[in-house]
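Report on the following structure.
As the structure is a computational prediction, the values presented were derived from the model and not from experiment. Side chains included, hydrogens not; waters and symmetry mates left out as well; all remaining heavy atoms used.
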Amino acid sequence: LLVTVTLSAAAQAPADTAGEPVIVELQIGRIARATVQGYRVRTEVLLPLSQFFQLVEIRHRLSPEGRLEAAVDPGNRRIVIDARRDTMQFGERRVRIEPEFRRFEGGELYVGAERLGDLFGLRFAVDWAELTVTVVDPGDLPIARRLRRESAREAYLRHVVGPRADVTFGLERPRWDGVVVDYSVFSPSTDPIGGAAYSLGLGSDLAGGSLEV
């Protein structure tokens, strides 16, 4: 009886950690989303790291052996996640990851969302009924920082410049622009020829200044 129970438990363990393929919608707060393929291990979802990093705008490199390396600013903090190692690295932080929560298959590296959250200081909300995985607090991710910078820039431009025109034209300074001719004639009735006088003036914008003759 004891031998039978032991063999039954050993036979059930691999099925519990093998991983079931699932299609989920990965949401980065309310700012980005993508449909990805992952794996379900018990109640945890394993996410494809390449697609996650692309979504949150972290440049990375994944080797054919399953080693992912990246760096995040500010501070140029190094990220190393290796399918053959039981520890993930982000800057000075180290997070242990069990074999069943890391998987390298088809050229993609998959990591459990809960362990990934521990590494980056994020909280993942998994809804198996709706098949959604949501990063609840993405404020420190590069995509969120970029959007904050763009929003601040737009607000600054609205405050300084006022309403923005649909079309704007640059300042043009032609080398030669326009000609004005001014003349006058004076002829007294007592001596219309001998006492006559006249003047003629010519003016133009020239080379950013003015010319008058």
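Cation-pi geometry between Arg103 and Tyr39 is satisfied (NZ or CZ under 6.0 Å from the ring centre, within 45° of the ring normal).
Side-chain polar atoms of Thr35 and Glu25 form no donor-acceptor pair below 3.5 angstrom.
Within the model, atoms CG of Leu109 and OG of Ser63 stand 9.0 Å from one another, a figure rounded to the nearest 0.5 Å. Going from atom CD of Glu114 over to atom CD of Glu44 covers 5.0 Å, rounded to the nearest 0.5 Å.
Remark: the backbone N or O of Arg123 is paired with a side-chain donor or acceptor of Asp137 at under 3.5 angstrom. Panel note: side chain Arg30, backbone Gln27; no donor-acceptor pair is recorded below 3.5 Å. Arg145 contributes a side-chain N or O that, together with a main-chain N or O of Asp140, makes up a donor-acceptor pair within less than 3.5 Å. With hydrogens and angles ignored, the 3.5 Å screen pairs a side-chain donor or acceptor of Arg102 with a backbone N or O of Arg85. Checking side-chain atoms of Gln37 against main-chain N and O of Pro21 turns up no donor-acceptor pair under 3.5 Å. Between the side chain of Arg93 and the backbone N or O of Leu119 there is at least one donor-acceptor pair closer than 3.5 Å. Counting only distance, with no hydrogens or angles, the side chain of Arg40 and the backbone of Arg42 share a donor-acceptor pair below 3.5 Å.
Smallest separation of non-hydrogen atoms from Leu47 and Ala113: CD1-CB, 4.0 Å. Minimum interatomic distance between Gly139 and Ala144 (heavy atoms only, all atoms of both residues): O-CB, 3.7 Å. Nearest heavy atoms, Met88 versus Arg115: CE-O, 3.6 Å. Of all non-hydrogen atoms in Gly107 and Leu62, the two that sit nearest each other are O-CD2, 3.4 Å. Ile81 and Leu116 make their closest contact through CD1-CD1, 4.4 Å (heavy atoms, listed as atom of the first residue, atom of the second, distance). Of all non-hydrogen atoms in Val136 and Ala125, the two that sit nearest each other are CG2-CB, 3.8 Å.
Val80 and Leu122 fall into different hydrophobic clusters, where Ile, Leu, Val, Met, Phe, Trp and Tyr residues are linked whenever their side-chain heavy atoms come under 4.5 Å apart, directly or through other members. Hydrophobic clustering (side-chain heavy atoms under 4.5 Å, transitive across Ile, Leu, Val, Met, Phe, Trp, Tyr) groups Val179 together with Leu200.
When each of Leu68, Val95, Leu49 is paired with Val111, the side-chain contact (heavy atoms from CB on, under 4.5 Å) condition holds for Leu49 and for no other. Checked options Arg146, Arg148, Arg153; the residue passing with Glu150 is Arg146 (criterion: side-chain hydrogen bond (donor to acceptor under 3.5 Å, both in side chains)).
Phe104 has its ring centre no less than 6.0 Å from the ring centre of Tyr110.
Between Arg77 and Glu92 no salt bridge is recorded (no basic side-chain N to carboxylate O distance below 4.0 Å).
When side chains are defined from C-beta on, Phe124 does not count as touching Val45, because their heavy atoms never get closer than 4.5 Å. For the pair Glu108/Gln51, a side-chain contact is recorded, criterion being any heavy-atom separation below 4.5 Å from C-beta on. Residues Leu131 and Ile23 have side chains not in contact (no heavy-atom distance under 4.5 Å, counting atoms from C-beta outward).
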Give the C-alpha distance, both sets of side-chain angles, the deciding distance and a yes or no for salt bridge (charged side-chain N to carboxylate O under 4.0 Å, His left out) between Arg84 and Glu65.
-> CA-CA 9 Å; Arg84 300 162 297 182; Glu65 293 77 26; 5.4 Å; no
Take Ile143 and Ile31 through the side chain to side chain contact (heavy atoms under 4.5 Å, CB included) test and state the conclusion after the steps.
-> CA-CA 8 Å; Ile143 184 174; Ile31 57 180; 3.9 Å; yes
Could you walk me through whether Phe52 and Leu26 pass side chain to side chain contact (heavy atoms under 4.5 Å, CB included), step by step?
-> CA-CA 8 Å; Phe52 173 75; Leu26 177 58; 3.9 Å; yes
Begin with the C-alpha distance, continue with both residues' side-chain angles, and end with the deciding distance and a verdict on side chain to side chain contact (heavy atoms under 4.5 Å, CB included) for Val24 and Val36.
-> CA-CA 6 Å; Val24 297; Val36 302; 3.8 Å; yes
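Relative orientation of the Phe120 and Phe53 rings is perpendicular, given thresholds of 30° and 60° on the angle between their planes.
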